[in-house]
Amino acid sequence: MAVGVLALQGSFREHIACLRKLGVEAVEVRKAEQLEGLAGLIIPGGESTTMAKLAEHYHLFPSLREFGASGKPIWGTCAGLIFLADKAVGQKAGGQDLLGGLDCTVHRNFFGCQLNSFETQLPVPALVSEEGGPSSFRAVFIRAPAITEAGPSVEVLAEYTLPSNFQTSALDQVEGQEELQKVIVAVRQKNLMATAFHPELTSDMRWHRYFLKMVNGGKNLERRKESSMMGLLQVKDLPIFREADHLSFDNDFDQG
């Protein structure tokens, strides 16, 4: 079984490391023909507008839409969530092309600019029911989007409770903002899954296992010993934002 990772820009190397750590063949996807034979696809976090322009340049959108329409699982993280949403607000001038498929409205950069990035212990009951483990997940939000509306066919996998002093210009574009106490940050609809945060930047593999179960027809993959020696693809817990005066990344990507 081979799983592809859209490798136009962003944190695709981290996703590939996670897949390989779980013993799954991972394929970098930059051309339409590289989608052939794949059992699933991950669209990573990155700069969503840049990724959309590159996808358009390489004529990937028709093949990506066909891949999703075929029923093969696709997981979008951060910018990937924006890609999969039917509607996105807060976009840059001129907007961007979307794959669509998720019946939801996502707000790009809902949580603010890069310096508003944060970590939190996110309650994940849906994940725990499938994969076990701790009741919360160390969620890394980097210039992150959020889902403000979801249709009836969308399964909510995780929500983030907004702090009482939460402020962002994004609220001006949200209907019923005065009563908004939570936003949706993880969803699933049929063969599509999306998270507003970055599981690939932690050593907790549960979201990747959850997705691989989707790819494998609802069955768990055989558990393999997870090696800690991954060379340049070592998966490690990355920046502790609450302790940082500024943010920097080894692979220098701008988030969605």
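Everything quoted here is computed from the prediction, not taken from an experiment.
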Test item: Met1 and Val215 side chains (from C-beta on) under 4.5 Å apart, heavy atoms: yes
query: Hey, is CD on Gln121 packed in by over 12 heavy atoms from elsewhere, all under 6.0 Å?
result: yes
Student check: side-chain heavy atoms of Leu162 and Phe110 closer than 4.5 Å: yes
message: What I'd like to find out is whether the side chain of Pro125 reaches to under 4.5 Å of the side chain of Ser135, using heavy atoms alone.
response: no
message: Less than 4.0 angstrom from a charged side-chain N to a carboxylate O is my criterion; do Arg13 and Glu28 meet it?
response: no
message: Has Arg206 got a side-chain atom pairing as donor or acceptor with Gly132's backbone, closer than 3.5 angstrom?
response: yes
- prompt: How about His208 and His15: do any of their side-chain heavy atoms sit closer than 4.5 Å?
  reply: yes
task: Establish, for the pair Arg30 and Phe12, whether the NZ or CZ atom is under 6.0 angstrom from the six-membered ring centre and no further than 45 degrees off its axis.
output: yes
- request: May I ask you to decide if the ring planes of Phe197 and Trp207 are parallel, tilted or perpendicular, using 30° and 60° as cut-offs?
  value: perpendicular
query: Can you list the steps and then say if Ile147 with Leu81 is a side chain to side chain contact (heavy atoms under 4.5 Å, CB included)?
result: CA-CA 9 Å; Ile147 295 171; Leu81 161 60; 3.7 Å; yes
field: Flag, side chain of Gln189 to backbone of Asp103, donor-acceptor distance under 3.5 Å
entry: yes
message: Keeping Ser117 on the side-chain end and Arg143 on the backbone end, is there a donor-acceptor pair under 3.5 Å?
response: yes
query: Can you list the steps and then say if Val3 with Val27 is a side chain to side chain contact (heavy atoms under 4.5 Å, CB included)?
result: CA-CA 6 Å; Val3 174; Val27 178; over 6 Å; no
- prompt: Which heavy-atom pair separates Tyr58 from Leu8 by the least distance, and what is that distance?
  reply: CD1-CD2, 4.2 Å
query: So, the side chain of Lys72 versus the backbone of Leu41: is there a donor-acceptor pair under 3.5 Å, distance only?
result: no
message: Contact between Ile142 and Leu201 at the side-chain level, heavy atoms closer than 4.5 Å - yes or no?
response: yes
message: Tell me every residue that passes ring-ring contact (aromatic ring centres under 6.0 Å, His included) with Phe211, counting only those two or more places apart in sequence or in another chain.
response: Trp75
- line: Across all chains, not counting sequence neighbours, the ring-ring contact (aromatic ring centres under 6.0 Å, His included) partners of Tyr210 are none
Side chain to side chain, Pro44 and Met51, heavy atoms closer than 4.5 Å: yes
- prompt: Looking at Ile74, Leu157, Val187, Thr77, which one forms a side-chain contact (heavy atoms from CB on, under 4.5 Å) with Met193?
  reply: Leu157
task: Kindly indicate whether the side chain of His198, heavy atoms from C-beta on, has any atom under 4.5 Å from the side chain of Glu14.
output: no
field: Evaluation steps, side chain to side chain contact (heavy atoms under 4.5 Å, CB included), between Leu19 and Val5
entry: CA-CA 10 Å; Leu19 292 173; Val5 182; 3.8 Å; yes
query: With distance as the sole criterion, is a donor-acceptor pair present between the side chains of Glu200 and Ser11 under 3.5 Å?
result: yes
query: Can you check whether Leu22's main-chain N or O pairs, donor with acceptor, with Arg20's side chain at less than 3.5 Å?
result: no
- prompt: Does the pair Glu47/Arg108 count as a salt bridge with the N-to-O cut at 4.0 Å?
  reply: yes
message: With side chain to side chain contact (heavy atoms under 4.5 Å, CB included) as the criterion, how do Leu6 and Ile42 come out once you've worked through the C-alpha distance, each side chain's angles and the decisive distance to 0.1 Å?
response: CA-CA 6 Å; Leu6 191 64; Ile42 297 175; over 6 Å; no
Main-chain N/O of Leu127 paired with Glu130 side-chain donor or acceptor, under 3.5 Å: no
- prompt: Centroid-to-centroid, Phe118 to Tyr160, below 6.0 Å?
  reply: yes
- request: Taking Thr120 for its side chain and Leu122 for its backbone only, find out whether a donor-acceptor pair lies under 3.5 Å.
  value: no
